[in-house]
> 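Below is a structure I'd like to ask you about.
The chains referred to below are lettered A, B, ... by the order of the sequence lines, with proteins before strands, and numbering in each begins at 1. Just so you know, these numbers come straight off a predicted model, no measurement behind them.
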Protein chains: 2
Amino acid sequence: MTRAPSSKPYHHGELREALVSAGRKLLEERGIRGFTLRECARRASVSHAAPAHHFASIDDLLAEIATRGYQELTAAMEAEARRAATPAARLVAQGVGYMAFAAAHPVLFQLMFGREANRFETPGLAAAAKSAYHLHVVAVEGVIPKAPLEVKQRMVDFAWASIHGFITLVLEGQIGDEDSPRALKARGLAMLAAMVETVVRAGGDP
Amino acid sequence: MTRAPSSKPYHHGELREALVSAGRKLLEERGIRGFTLRECARRASVSHAAPAHHFASIDDLLAEIATRGYQELTAAMEAEARRAATPAARLVAQGVGYMAFAAAHPVLFQLMFGREANRFETPGLAAAAKSAYHLHVVAVEGVIPKAPLEVKQRMVDFAWASIHGFITLVLEGQIGDEDSPRALKARGLAMLAAMVETVVRAGGDP
DNA sequence: CAAGATACTTGTCATTGTCTAGATTATATG
DNA sequence: CATATAATCTAGACAATGACAAGTATCTTG
């Protein structure tokens with residue numbers, strides 16, 4: 001199918017993918033401000049103007065990278081969730097998946113949830129973000145299926161905010177900067193436990 | 001005291017302050033990626049190389065702007081907290097102040113809690129961030145003074161994460177993008193109420 | 001095989017951060 | 001007060017960047 005290029009063919013063949021992949025690495029290495037189109041092109045072994053045929057602008061490439069990020073985040077949450085036996089365990093597990101993804105790809109995560117990627121609004125980006133969001137909704141509904149809709153919505157806000165806030169503060173060094181990785185994980189799990197307890201109570205009280 | 005410059009004196013007089021002030025406006029206008037030193041210089045009516053005498057690099061200026069941001073955030077939280085009658089009300093009020101500040105200065109807030117400002121580590125930046133953090137500690141301790149230290153610490157994590165996560169998701173458009181400002185504020189308050197209830201319960205149970 | 005579309009290169013432009021050298025003003029020392 | 005010295009600013013230069021234009025090579029389709 002795809003022939004192995006002997007020397008250097010004029011057509012790259014999979015330049016779009018190569019740019020996304022190189023860009024992702026570059027992003028983690030140098031941060032958002034250090035991200036450049038030309039360096040992506042260099043790493044893909046093409047000229048500096050080649051990317052223009054696949055991405056309208058640097059923001060377009062960033063949006064694509066962010067989109068992939070949302071897809072991976074969703075997959076990471078789902079993978080953890082599958083191991084959970086109860087709805088409450090699933091909510092915790094998704095939180096663990098969420099945090100683990102963010103910790104593994106801190107700059108990508110910041111790109112996804114910063115305002116930079118959204119400057120170039122792609123339908124794919126919105127859809128990918130939506131499906132990650134949907135996982136939170138499903139997990140919370142599993143825990144409090146009989147609660148009124150408004151309570152459910154508020155608890156989705158609450159669950160997501162706790163998870164997202166905690167890992168964001170950790171990544172920025174505001175929380176647990178002096179803790180061992182082990183201790184930090186315990187802090188995260190304690191946070192998730194408190195969150196789930198709140199959700200359970202909100203559904204089971206009345 | 002400070003004479004009003006008739007035409008254009010060679011020395012600006014307060015260039016450092018002018019750069020910080022101009023930079024802050026520029027930041028909100030164009031986002032982090034659109035922030036440039038030369039535009040700051042232009043807005044302060046000096047040459048492009050003038051800022052170098054006050055800031056070692058563009059990251060240094062960004063760090064200074066972030067530092068001011070933390071100081072203002074602290075002040076905003078304290079101002080709200082002063083109106084609160086009970087410890088629980090204070091915890092909520094500080095959360096309101098936190099969110100209001102973030103909503104009023106979204107890009108500055110993103111700078112403060114992104115990884116960009118921290119690339120250039122200033123002692124002032126760390127101190128300013130610390131004192132904002134300290135307010136959360138004090139507020140939580142007020143609500144559950146008799147709880148064990150570890151519970152307190154976990155609840156500080158929890159409270160801060162909830163507040164920070166919620167407003168971050170709002171700013172990014174992930175939460176409440178279709179709500180009216182009024183409805184969104186209600187969602188925020190509901191979130192804070194759920195958070196405070198959890199903190200109270202964590203302290204009063206045993 | 002021809003013709004046109006696609007993928008890529010080279011060259012260019014204004015703009016950027018940072019550096020060096022020089023000009024101007026403030027301050028301190030005698 | 002005079003003058004040396006430091007602080008502040010300007011002007012010019014450099015490599016790097018994002019974007020655009022124009023040309024070249026390869027693929028595809030008729």
> How does DNA chain C look in dot-bracket notation if pairs are Watson-Crick or G-U with both distances under 3.5 Å, crossing ones as [ ], other-strand ones as |?
||||||||||||||||||||||||||||||
> Kindly write out the residues that satisfy side chain to side chain contact (heavy atoms under 4.5 Å, CB included) with B/Ala128, not counting sequence neighbours, or none if the list is empty.
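If we apply the side chain to side chain contact (heavy atoms under 4.5 Å, CB included) test to B/Ala128, skipping adjacent residues, the hits are B/Thr67, B/Tyr70, B/Gln71.
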> Whole angstroms only, please: what is the CG-P distance between B/Asp59 and C/dG17?
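Between P of C/dG17 and CG of B/Asp59: 10 Å.
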> Taking the side chain as every heavy atom from C-beta outward, state whether B/Cys40 and B/Leu61 have any atom pair closer than 4.5 Å.
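Yes, their side chains come closer than 4.5 Å.
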> Answer yes when B/Arg154 and B/Glu150 have at least one side-chain N-carboxylate O distance shorter than 4.0 Å, and no when they do not.
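Yes.
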> For B/His48 and C/dT18, is the shortest distance between a side-chain N/O and OP1 or OP2 below 4.0 Å?
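It does not, given that no N or O in the side chain of B/His48 lies less than 4.0 Å from OP1 or OP2 of C/dT18.
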> Could you give the CZ-to-C1' distance, from A/Phe55 to D/dC20, as a whole number of Å?
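A/Phe55 atom CZ is separated from D/dC20 atom C1' by 19 Å.
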> Could you state the CG-P distance from A/Leu61 to D/dT17, rounded to the nearest angstrom?
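About 15 Å, once rounded to whole Å.
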> When you check the phosphate oxygens OP1 and OP2 of D/dT26, does a side-chain N or O of A/His12 lie under 4.0 Å from one of them?
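Indeed not, no polar side-chain atom of A/His12 lies that close.
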> A/Phe55: what forms a ring pair (Phe, Tyr, Trp, His ring centres under 6.0 Å) with it, not counting sequence neighbours?
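Applying ring pair (Phe, Tyr, Trp, His ring centres under 6.0 Å) to A/Phe55 gives none.
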> Step by step, would you call B/Thr198 with A/Glu197 a side chain to side chain contact (heavy atoms under 4.5 Å, CB included)?
CA-CA 8 Å; B/Thr198 299; A/Glu197 198 194 309; 5.9 Å; no
> I need the NE2-P distance between A/His53 and D/dG23, as an integer number of Å.
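The answer, rounded to whole Å, is 14 Å.
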> Applying ring pair (Phe, Tyr, Trp, His ring centres under 6.0 Å), can you list everything that pairs with A/His136, at least two apart in sequence or on another chain?
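Residues passing ring pair (Phe, Tyr, Trp, His ring centres under 6.0 Å) with A/His136: A/Tyr98, A/Trp160.
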> Roughly how many Å is it from CZ in B/Arg16 to C1' in D/dA7, rounded to a whole number?
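Interatomic distance, CZ of B/Arg16 to C1' of D/dA7: 15 Å.
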> Charged N to carboxylate O below 4.0 Å: is that the case for B/Arg68 and B/Glu64?
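Looking at B/Glu64 together with B/Arg68, the answer is yes, because their closest N to O distance falls below 4.0 Å.
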> Hey, what are the protein-to-nucleotides 14-16 of chain C N/O distances that come in under 3.5 Å?
from, atom 1, to, atom 2, distance (Å)
C/dT16, OP2, B/Arg42, NH2, 2.6

> Which residues pass the ring pair (Phe, Tyr, Trp, His ring centres under 6.0 Å) test with A/His48, sequence neighbours left out?
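Testing A/His48 for ring pair (Phe, Tyr, Trp, His ring centres under 6.0 Å), a comparison that skips the adjacent residues, returns none.
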> Tell me the interatomic distance from B/Glu14, atom CD, to D/dT8, atom P, rounded to whole angstroms.
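So the two atoms are 12 Å apart, to the nearest Å.
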> Would you call A/Glu28 and A/Arg24 a salt bridge, using N to O less than 4.0 angstrom?
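Salt bridge between A/Glu28 and A/Arg24, a charged N being under 4.0 Å from a carboxylate O: no.
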